[in-house]
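In what follows, a single structure is set out as structure tokens and then discussed.
Basis for what follows: all heavy atoms, side chains included, without hydrogens, waters or symmetry-related copies.
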Amino acid sequence: SLKRFHECGLCLHPAQKPMTCLEGHLYCKECIFSWLLAQKQNKAREAEIARHAALAVSEADQEAARDAEAARVMAFRARERSTALLVRGSAGDADESQRTASNRDIEL
């Protein structure tokens, strides 16, 4: 439906204390102020939500970094353990070969 020339663009009733914008749209003074206030509150609420979302993402990034660091440390420790076992194993092999050679010397 088309609104009449003298109706408010927001409430569609005849404009009370009419006001116009720069483009010529007609509004009730109370309607336009209420609408502007509601828009301002919505923007503030959206900004607060965005700020909380950014904090949550930041916390999630920090937690992911901590998890990655923990995984890196665990992998390093596992390599160290396996290296230590290899060193001990090769040292044990050397001891065994020395004992075998000593036993052969004794038998001869």
Side-chain angles (χ1 to χ4, degrees):
S1 79
L2 298 174
K3 78 173 188 78
R4 296 189 187 125
F5 177 74
H6 65 281
E7 290 180 345
C8 171
L10 296 171
C11 69
L12 301 177
H13 293 156
Q16 303 294 315
K17 297 183 184 176
M19 298 186 79
T20 59
C21 69
L22 295 174
E23 295 177 355
H25 300 284
L26 182 69
Y27 304 101
C28 298
K29 185 176 183 177
E30 185 178 335
C31 291
I32 194 66
F33 285 149
S34 297
W35 184 82
L36 290 170
L37 181 61
Q39 291 300 310
K40 186 176 180 180
Q41 290 170 344
N42 285 341
K43 293 290 184 187
R45 191 173 334 157
E46 288 172 3
E48 186 68 20
I49 289 170
R51 188 177 69 80
H52 284 295
L55 287 175
V57 167
S58 175
E59 290 172 0
D61 288 345
Q62 290 174 355
E63 185 174 334
R66 282 192 299 266
D67 291 345
E69 179 65 16
R72 190 182 68 77
V73 168
M74 288 175 58
F76 175 77
R77 288 181 180 162
R79 281 193 306 273
E80 286 294 311
R81 271 183 267 158
S82 65
T83 304
L85 291 174
L86 288 175
V87 169
R88 278 190 225 139
S90 63
D93 292 344
D95 290 341
E96 184 67 32
S97 64
Q98 286 176 354
R99 274 188 241 127
T100 305
S102 298
N103 289 343
R104 271 190 253 138
D105 291 340
I106 295 172
E107 293 173 2
L108 294 176

Practice problem: Kindly write out the residues that satisfy side chain to side chain donor-acceptor pair (under 3.5 Å) with Asn42, not counting sequence neighbours, or none if the list is empty. | Solution: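 Listed in chain order: Arg45.
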
Quiz item: Rest of the hydrophobic cluster containing Leu22 (Ile/Leu/Val/Met/Phe/Trp/Tyr, side-chain heavy atoms under 4.5 Å)?
Solution: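 Its cluster partners, ordered by chain and number, are none at all.
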
Exercise. Check salt bridge (Lys or Arg N to Asp or Glu O under 4.0 Å) between Arg77 and all other residues, then give those that pass, not counting sequence neighbours.
Key: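 None.
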
Quiz item: Arg51: what forms a salt bridge (Lys or Arg N to Asp or Glu O under 4.0 Å) with it, not counting sequence neighbours?
Solution: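 Residues passing salt bridge (Lys or Arg N to Asp or Glu O under 4.0 Å) with Arg51: Glu48.
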
Exercise. Just grab all the side chain to side chain donor-acceptor pair (under 3.5 Å) pairs involving residues 24-39, residues at least two apart or on different chains.
Key: Glu23-His25

Atom pairs and distances, donor-acceptor, side-chain atoms in residues 8-19, under 3.5 Å, two or more places apart:
none

